[in-house]
Amino acid sequence: MWKDLSDHTIGKDPQAVRTGQRQNRGMRTRLGCLSHKSDSCNDFTAILPDKPNRALKRLSTEEATRWADSFDSLLSHKYGVAAFRAFLKTEFSEENLEFWLACEEFKKTRSTTKLASKAHRIFEEFIDVQAPREVNIDFQTREVTRNNVQEPSLSCFDQAQGKVHSLMEKDSYPRFLRSKIYTDLLTQTQRRLS
């Protein structure tokens with residue numbers, strides 16, 4: 001392959017060409033490492049709210065099995081959220097869950113002065129075009145949310161949150177239930193009973 005590229009390097013410093021080739025190989029190696037993110041229960045335990053071993057001892061097989069009953073069952077359990085977050089990180093889509101959680105926290109806001117600043121922060125982080133953790137919503141929902149944030153209420157993100165919830169439920173959640181993270185977790189909880 002490099003022989004084919006030799007025509008493009010005529011008149012260039014051979015040392016610079018070799019350095020560029022090494023940098024390209026290094027970049028491919030780093031990108032290759034990123035694409036091999038682990039999908040195991042060990043990665044899940046690293047982000048548990050409690051100490052990993054204690055948390056797994058507290059989690060029953062029945063609780064973990066209930067997560068497969070419905071997406072909302074999963075989201076209502078702190079270890080379910082942690083496991084789902086670990087899974088989404090392997091798919092590079094954890095911003096969806098983070099947005100959903102930010103909206104849930106936002107709905108608990110009681111101070112009207114804090115309401116506006118929180119709403120703008122959530123909008124800038126997740127909704128705005130080119131937001132650092134932009135969620136995948138349609139233009140109309142984005143514009144409705146933009147207008148809602150101008151005069152924020154506790155329900156100003158409801159439409160966007162609903163779209164993201166639906167997306168996760170139909171897309172990521174079924175894959176999570178088939179993932180190594182979830183199956184390993186079930187296996188570990190069942191082993192404790194043996």
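Index from 1, following the sequence.
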Return the minimal non-hydrogen interatomic distance between Leu97 and Met168, and the atom names on each side.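 Heavy-atom minimum between the residues: N-SD, 3.6 Å.
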[X]: side chain to side chain contact (heavy atoms under 4.5 Å, CB included) partners, not counting sequence neighbours:
X	answer
Thr65	Thr61, Leu186
Glu125	Arg133
Ser153	Ser155, Cys156
Thr112	none

Those residues that, when tested against [X], pass salt bridge (charged side-chain N to carboxylate O under 4.0 Å, His left out) (two or more places apart):
X	value
Asp72	none
Glu169	none
Asp69	none
Glu124	none

Pairwise distance [atom1]([X]) to [atom2]([Y]) - rounded to 0.5 angstrom:
X	Y	atom1	atom2	answer
Ser60	Arg66	OG	CZ	6.0 Å
Glu62	Leu59	CD	CG	9.5 Å
Leu154	Cys103	CG	SG	11.5 Å
Leu88	Glu95	CG	CD	8.5 Å

Enumerate the residue pairs fulfilling ring pair (Phe, Tyr, Trp, His ring centres under 6.0 Å) with a member in residues 112-154, sequence neighbours excluded, ordered by first and then second residue.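 For residues 112-154, and leaving out neighbouring residues, the ring pair (Phe, Tyr, Trp, His ring centres under 6.0 Å) pairs sorted by first residue read Phe99-Phe126.
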Sequence neighbours left out, what passes ring pair (Phe, Tyr, Trp, His ring centres under 6.0 Å) with Phe106? Give chain and number order.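 Phe106 satisfies ring pair (Phe, Tyr, Trp, His ring centres under 6.0 Å) with Phe157 once adjacent residues are dropped.
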In this structure, are over 12 heavy atoms from other groups packed under 6.0 Å from Gln140 atom CD?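 For Gln140, atom CD is not crowded (no more than 12 foreign heavy atoms under 6.0 Å).
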Inter- and intrachain pairs under salt bridge (Lys or Arg N to Asp or Glu O under 4.0 Å), touching residues 102-117, at least two apart: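 Salt bridge (Lys or Arg N to Asp or Glu O under 4.0 Å) check on residues 102-117 returns Glu104-Lys107, Glu105-Lys108, Lys107-Asp158.
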Looking at Arg142 and Asp128, is there a salt bridge between them, counting it only when a charged N and a carboxylate O are closer than 4.0 Å?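 Salt bridge between Asp128 and Arg142, a charged N being under 4.0 Å from a carboxylate O: no.
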Starting from Val81, can I reach Val164 by hopping between I/L/V/M/F/W/Y residues whose side chains sit under 4.5 Å apart?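 Yes; tracing contacts between hydrophobic side chains, which count when under 4.5 Å, links both residues.
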If you group Ile, Leu, Val, Met, Phe, Trp and Tyr by side-chain heavy-atom gaps below 4.5 Å, do Leu74 and Leu167 land in one group?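 In one cluster with Leu74: Leu167, no.
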Partner set under side chain to side chain donor-acceptor pair (under 3.5 Å) for Thr183, not counting sequence neighbours: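 Expected list: none.
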Is the ring centre of Phe176 less than 6.0 Å from the ring centre of Phe71?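 Centroid distance Phe176-Phe71: not below 6.0 Å, so no.
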